[in-house]
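Everything on this sheet refers to the single structure shown next.
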Number of protein chains: 2
Amino acid sequence: MASQKPRLTRELVLSAALELVDDEGLDALTMRRLGQVLERDPMSLYRYAENRAALLDGVSELVLNELAIFPSDPDWKAQLRRIAHDLRLLALRHPNVIPLLVTRPLSTPLGMRPLGTVRPLEQILALLIDAGFAPTDALHVYRAYYGFLYGHILNELQEYIVDPEENEALLRLGLHRLPAKDFPRLRALAPVLADYDGEAELDQGITILLSGLEAHLYRGVPATP
Amino acid sequence: MASQKPRLTRELVLSAALELVDDEGLDALTMRRLGQVLERDPMSLYRYAENRAALLDGVSELVLNELAIFPSDPDWKAQLRRIAHDLRLLALRHPNVIPLLVTRPLSTPLGMRPLGTVRPLEQILALLIDAGFAPTDALHVYRAYYGFLYGHILNELQEYIVDPEENEALLRLGLHRLPAKDFPRLRALAPVLADYDGEAELDQGITILLSGLEAHLYRGVPATP
DNA sequence: CGCGTAAAGTCTACATCGTAGAGCAAGTGT
DNA sequence: ACACTTGCTCTACGATGTAGACTTTACGCG
């Protein structure tokens with residue numbers, strides 16, 4: 001017969017949860033469904049997460065842990081750029097998790113968030129401070145940077161259609177529903193919308209932002225050598 | 001006795017829904033609860049919204065309608081700046097709705113969104129194109145702009161604590177929970193985090209972004225006279 | 001006026017959800 | 001061999017979204 005059930009662990013539970021979310025969306029992640037995937041009674045899950053909410057937090061944490069940050073890199077601009085691209089890829093890998101990443105912190109004060117979700121903040125602060133920024137400026141840079149980054153990801157995911165074949169078709173079909181009178185420019189842009197290069201767009205945006213930050217902020221921070 | 005129940009309308013239902021969300025959060029918006037507020041059977045709501053999801057969309061739409069955009073203003077930079085501040089205030093007025101605004105489009109292709117939520121896009125495109133941008137560039141500008149804007153709002157709302165008195169206390173209390181070894185910079189920044197001026201931060205960000213865009217994009221677009 | 005039809009609102013019922021609380025089963029230290 | 005802890009299961013409860021049949025109200029037209 002099938003595999004003898006191995007002992008459950010938090011990691012096991014969370015990664016099963018993540019898989020479920022990746023495959024079938026956030027709503028599919030119910031206690032009962034997850035229990036079923038793990039061949040356990042739903043109630044057993046409460047050993048490894050207090051709530052469903054805590055479970056969601058755990059999934060966020062798990063995903064964010066996929067993001068590598070090297071706070072000791074002296075080339076802060078390159079590092080920020082790389083992180084941005086990494087996070088973008090992460091988002092494309094786990095699009096269904098993004099709502100969690102974006103939404104849960106809104107109802108959780110900084111100090112009570114899962115540590116894994118606060119760590120990137122600390123590490124980027126470290127990166128910037130080590131690169132010569134005053135702590136306060138580092139915070140400002142972080143805010144502008146992360147704000148822009150999350151904004152871009154949300155933007156891109158909004159326009160992202162899963163099936164790359166029907167991509168254009170779906171888009172046009174969608175746009176076709178808009179009243180021509182009220183949405184002329186949008187409809188006219190349909191072809192452009194259809195081939196959206198998120199990577200390039202992000203990269204340009206980061207460039208603009210970084211050079212802008214550099215210009216407007218305190219001097220004395222080394223540019224890329 | 002009390003008011004004779006007036007006939008229900010979509011507007012009535014939606015604004016009651018919005019009020020409920022504003023007052024008690026998204027989770028409080030259940031069919032039953034809303035029915036109770038309107039002194040109607042929960043089932044009657046289905047005349048005015050197909051689903052709970054559709055109801056949520058309606059609320060998004062209602063909120064976004066509070067945002068005024070004047071696409072004919074020739075001073076696009078000033079207009080974008082003003083819209084940014086307006087949207088920020090809107091977000092602070094309806095913080096509980098923001099998760100909706102940000103999350104629902106992720107699961108709804110452009111063409112199937114409530115018209116009210118697509119209109120800002122159209123109008124900003126109009127604004128930019130009328131100001132002299134090529135349509136494609138207008139789209140790029142829009143993306144960078146709206147991305148940054150939403151990013152900022154999410155950022156600010158994350159750090160926003162409802163009770164302005166306990167503000168600092170709560171923040172410190174929260175940060176106090178973080179292990180000192182792992183989060184030294186973040187903890188050191190507690191005082192700075194406590195007095196966050198979202199308006200200023202947004203304004204600077206917009207400045208950086210707009211001048212950056214202007215510099216990197218096709219010339220021939222008039223700067224503010 | 002009245003009556004037939006459509007619209008608005010209600011009632012009942014069901015599947016599904018999160019989770020409390022009591023209990024069972026296997027391992028562990030003494 | 002025995003008490004305890006730890007992992008897991010069972011049963012049960014209240015709440016939710018919503019389908020489908022029903023009743024009530026409003027209204028146009030003879």
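Values reported hereafter were calculated over all heavy atoms of this structure, with side chains retained and with hydrogens, waters and symmetry mates removed. By convention in this document, chain letters (A, B, ...) are assigned in the order of the sequence lines, proteins followed by strands, and residues within each chain are numbered from 1. Note that the structure is predicted; figures quoted are calculated from it, not measured.
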- Message: Go through it in stages, so that I can follow the logic: the residues are B:His140 and A:Glu201, the test is side chain to side chain donor-acceptor pair (under 3.5 Å), and I'd like the CA-CA distance, side-chain angles, deciding distance and then a yes or no.
- Response: CA-CA 8 Å; B:His140 288 315; A:Glu201 197 118 349; 3.2 Å; yes
Quick one: list whatever passes side chain to side chain contact (heavy atoms under 4.5 Å, CB included) with [X], sequence neighbours left out.
{"X": "B:Ser72", "result": "none"}
{"X": "B:Asp197", "result": "B:Glu199, B:Ala200"}
{"X": "A:Asp41", "result": "A:Met43"}
{"X": "B:Pro105", "result": "A:Gln158, B:Arg113"}

- Between B:Tyr196 (side chain) and B:Glu159 (backbone), is there a donor-acceptor pair under 3.5 Å? no
- Partners of A:Tyr150 by ring-ring contact (aromatic ring centres under 6.0 Å, His included), sequence neighbours excluded? A:Tyr146
Value in whole Å for how far the [atom2] atom of [N] lies from [atom1] of [X]:
{"X": "A:Arg10", "N": "D:dT6", "atom1": "CZ", "atom2": "C1'", "answer": "18 Å"}
{"X": "B:Met43", "N": "D:dT24", "atom1": "CE", "atom2": "C1'", "answer": "18 Å"}
{"X": "B:Gln36", "N": "D:dT16", "atom1": "CD", "atom2": "C1'", "answer": "14 Å"}
{"X": "B:Leu8", "N": "D:dT25", "atom1": "CG", "atom2": "P", "answer": "15 Å"}

Could you list the donor-acceptor pairs under 3.5 angstrom formed between side-chain atoms of residues 117-126 of chain B and any protein atom two or more places apart in sequence or on another chain?
unit_1: B:Thr117; atom_1: OG1; unit_2: B:Pro114; atom_2: O; d: 2.7
unit_1: B:Glu122; atom_1: OE1; unit_2: A:Leu186; atom_2: N; d: 2.9
unit_1: B:Glu122; atom_1: OE2; unit_2: A:Arg185; atom_2: N; d: 3.1

Side-chain atoms of residues 47-62 of chain B: list all donor-acceptor pairs with protein atoms under 3.5 Å, sequence neighbours left out, distances to 0.1 Å.
unit_1: B:Tyr48; atom_1: OH; unit_2: B:Leu8; atom_2: O; d: 3.2
unit_1: B:Arg52; atom_1: NH1; unit_2: B:Leu29; atom_2: O; d: 2.3
unit_1: B:Asp57; atom_1: OD1; unit_2: B:Arg104; atom_2: NE; d: 2.7
unit_1: B:Asp57; atom_1: OD1; unit_2: B:Arg104; atom_2: NH2; d: 3.4
unit_1: B:Asp57; atom_1: OD2; unit_2: B:Arg104; atom_2: NH2; d: 3.1
unit_1: B:Ser60; atom_1: OG; unit_2: B:Leu56; atom_2: O; d: 3.3
unit_1: B:Glu61; atom_1: OE2; unit_2: B:Gly116; atom_2: N; d: 3.0

Side-chain donor-acceptor pairs under 3.5 Å in residues 174-182 of chain B, sequence neighbours left out?
none

- Scan residues 89-101 of chain A for pairs that pass side-chain hydrogen bond (donor to acceptor under 3.5 Å, both in side chains), counting only residues two or more places apart or in two chains. A:Asp22-A:His94, A:Glu66-A:Arg93, A:Glu66-A:His94
- Give me the residues of residues 22-33 of chain B where at least one heavy atom lies under 4.0 Å from an atom of DNA chain D, by number, or none. B:Thr30, B:Met31, B:Arg32
- Per the under-4.0 Å heavy-atom filter, residues of residues 46-59 of chain A near DNA chain C come out as A:Tyr46, A:Asn51, A:Arg52
- Identify the 5'-most and 3'-most nucleotides of DNA chain C with at least one atom closer than 4.0 Å to a non-hydrogen atom of chain A. C:dC17 to C:dG21
- Message: At less than 4.0 Å, is any side-chain N or O atom of A:Ser44 found next to OP1 or OP2 of D:dG7? Yes or no.
- Response: no
